[in-house]
2 protein chains.
Amino acid sequence: MSLPHAILTALLEKPSSGLELTRRFDRSIGYFWSATHQQIYRELGKLEADGYIRALPSEAPTRGRKKSYEVLAAGREELARWTSAPQDPRPWRDALFVRLRASAVVGTTGIEDDLRRHLTLHQRQLREYEEIEERDFGPGKDAPQDRLQHLILRAGIDLETFWTQWLTNALTEFERLPDDAESTGEPPAHG
Amino acid sequence: MSLPHAILTALLEKPSSGLELTRRFDRSIGYFWSATHQQIYRELGKLEADGYIRALPSEAPTRGRKKSYEVLAAGREELARWTSAPQDPRPWRDALFVRLRASAVVGTTGIEDDLRRHLTLHQRQLREYEEIEERDFGPGKDAPQDRLQHLILRAGIDLETFWTQWLTNALTEFERLPDDAESTGEPPAHG
DNA sequence: GGGATCATGTAACTTGTTACATGATTGC
DNA sequence: GCAATCATGTAACAAGTTACATGATCCC
């Protein structure tokens with residue numbers, strides 16, 4: 001149930017239309033909770049039906065006409081409630097590790113190229129985050145109200161750093177592996 | 001489309017019944033792709049219908065009777081195809097960061113306790129992974145065919161290390177924050 | 001008036017979650 | 001025979017993905 005609350009947060013920061021939200025989910029918010037415009041419109045409809053947000057008064061609300069939303073008191077209360085309520089971390093899923101484990105059984109052909117490609121993508125993302133950090137949180141820009149934003153950005157930087165290091169290490173490991181290593185049978189139990 | 005391929009991998013490692021798979025998804029495989037028994041039974045049905053796996057011959061296949069599956073040639077081929085095909089990394093989503101960003105708008109009340117709780121959970125998971133590493137990949141146990149498994153485990157260790165460090169840092173940051181810091185308005189754009 | 005683009009949607013599908021149902025086996 | 005547990009499922013729903021539809025506006 002994070003998407004509606006991410007939208008409430010975005011709308012509290014600044015009332016927006018669906019498309020404006022979509023654009024904000026392509027950059028800052030999307031760095032930790034991505035969403036497509038279809039999801040956003042659907043969720044806006046629900047939030048309005050639930051009385052958490054309302055469309056700012058304008059002309060006839062039809063297709064193709066821009067429609068901006070603002071958060072109502074009930075919406076702010078719901079967001080505060082959700083934010084302070086305990087939540088377990090979700091089990092994480094990553095297809096790359098499924099593929100690696102599969103390649104221990106059916107062979108590693110082809111996967112190495114994709115690891116290299118992923119490395120490039122993560123290096124690019126890391127650089128992007130670091131540029132944002134320098135621009136927005138450089139020396140003398142550490143206002144207290146920005147600390148939380150900075151903390152979130154640091155998580156992004158640290159995670160991309162993890163990926164670049166792990167992928168670099170994995171590729172080194174692959175060079176040492178016998179060509180197209182293929183093993184069968186149960187691997188160590190891991191727990 | 002990772003779940004069917006994770007199941008094919010597991011069945012190639014060792015033919016199993018639905019419940020046995022469920023148990024394996026609770027430990028080793030579940031560390032990077034979790035699944036409930038309902039998902040697994042549904043997927044087993046599809047994989048069988050697609051001709052990728054088959055039930056090992058036994059008595060009448062009814063409810064309550066154990067049913068084991070093995071992978072057919074077509075299943076192995078599909079797994080090899082999927083494993084070697086390029087795949088983009090999925091956009092990652094983490095509710096904790098949504099909550100942190102929300103707390104910059106509606107206040108940080110309550111979230112600190114949950115950060116502490118998450119820290120404990122991640123420390124516990126990290127310890128578990130490290131014990132597995134020592135047991136299965138300790139000195140003298142680095143057979144080439146285990147290298148891929150070790151690589152995956154290292155990713156888990158590194159990720160949990162990231163979490164414990166980041167959460168520790170975040171909690172320190174919270175102590176420095178003015179009580180129940182609450183800011184309004186658009187934060188820095190971050191991109 | 002026609003194409004680009006801005007803007008809001010619908011529909012169908014896949015994947016993951018939650019709650020519940022039912023049969024078989026084992027130990028008492 | 002009955003409770004516990006092993007084992008396989010169904011149903012309903014929530015969330016995310018992909019493809020497509022349609023109206024409004026701007027600029028030539």
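Quick caveat: nothing in here was measured; it's all calculated off a predicted structure. Throughout, a chain's letter reflects where its sequence line sits, starting with A, and its residues are numbered from 1.
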Rounded distance in Å - [atom1] ([X]) to [atom2] ([N]):
| X | N | atom1 | atom2 | value |
| --- | --- | --- | --- | --- |
| B:Phe25 | D:dA7 | CZ | P | 17 Å |
| B:His37 | D:dA7 | NE2 | P | 13 Å |
| A:Tyr69 | C:dG9 | OH | C1' | 10 Å |
| B:Lys46 | C:dC13 | NZ | C1' | 10 Å |
| B:Leu21 | D:dC6 | CG | C1' | 15 Å |
| B:Leu3 | D:dT17 | CG | C1' | 17 Å |
| A:Asp94 | C:dT15 | CG | C1' | 16 Å |
| B:Arg42 | C:dC13 | CZ | P | 15 Å |

Looking at [X], I'd like to know whether one of its side-chain N or O atoms comes within less than 4.0 Å of OP1 or OP2 on [N].
| X | N | result |
| --- | --- | --- |
| A:Gln38 | C:dT10 | no |
| A:Tyr41 | C:dT8 | yes |
| B:Lys67 | D:dG9 | yes |
| A:Gln39 | D:dT17 | yes |
| A:Arg23 | C:dA7 | yes |

Side-chain donor or acceptor of A:Thr120 paired with backbone N/O of A:His118 under 3.5 Å =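 Looks like no, no N/O pair under 3.5 Å.
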
Under 6.0 Å between ring centres, would you say that holds for A:Trp166 and B:Phe162?
->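 Ring centres of B:Phe162 and A:Trp166 not closer than 6.0 Å.
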
Does a salt bridge link A:Glu48 with A:Arg54, judged by any charged N lying under 4.0 Å from a carboxylate O?
->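 Judged by the 4.0 Å cut-off on N to carboxylate O distance, A:Glu48 and A:Arg54 do not form a salt bridge.
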
In terms of side-chain geometry, is the basic nitrogen of B:Glu130 or B:Arg127 positioned less than 4.0 Å from the acidic oxygen of its partner?
->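 Answer for the salt bridge query: no.
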
So, for B:Phe137 and B:Asp146, which heavy atoms are closest and what is the spacing to 0.1 Å?
->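 Answer, listing the atom of B:Phe137 first, then B:Asp146: CE2-O, 3.6 Å.
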
Identify which one of B:Leu159, B:Leu153, B:Asp158, B:Thr161 satisfies the side chain to side chain contact (heavy atoms under 4.5 Å, CB included) criterion when paired with B:Tyr129.
->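 Only one of B:Leu159, B:Leu153, B:Asp158, B:Thr161 forms a side chain to side chain contact (heavy atoms under 4.5 Å, CB included) with B:Tyr129, namely B:Leu153.
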
Which nucleotide in the set D:dA15, C:dT8, D:dT17 lies at the smallest distance from any side-chain heavy atom of A:Thr36?
->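 For the A:Thr36 side chain, the nearest candidate turns out to be D:dT17.
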
List the steps, then state whether salt bridge (charged side-chain N to carboxylate O under 4.0 Å, His left out) holds for A:Arg90 with B:Asp94.
-> CA-CA 8 Å; A:Arg90 288 248 153 154; B:Asp94 200 299; over 6 Å; no

With sugar-phosphate meaning primed atoms plus P, OP1 and OP2, does A:Ser17 contact a base, only sugar-phosphate, or nothing at under 4.0 Å between heavy atoms?
->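 Sugar-phosphate, no base atom in range.
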
When you measure from every atom of DNA chain D, which of residues 78-93 of chain B have a heavy atom less than 4.0 Å away?
->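 The answer is B:Arg93.
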
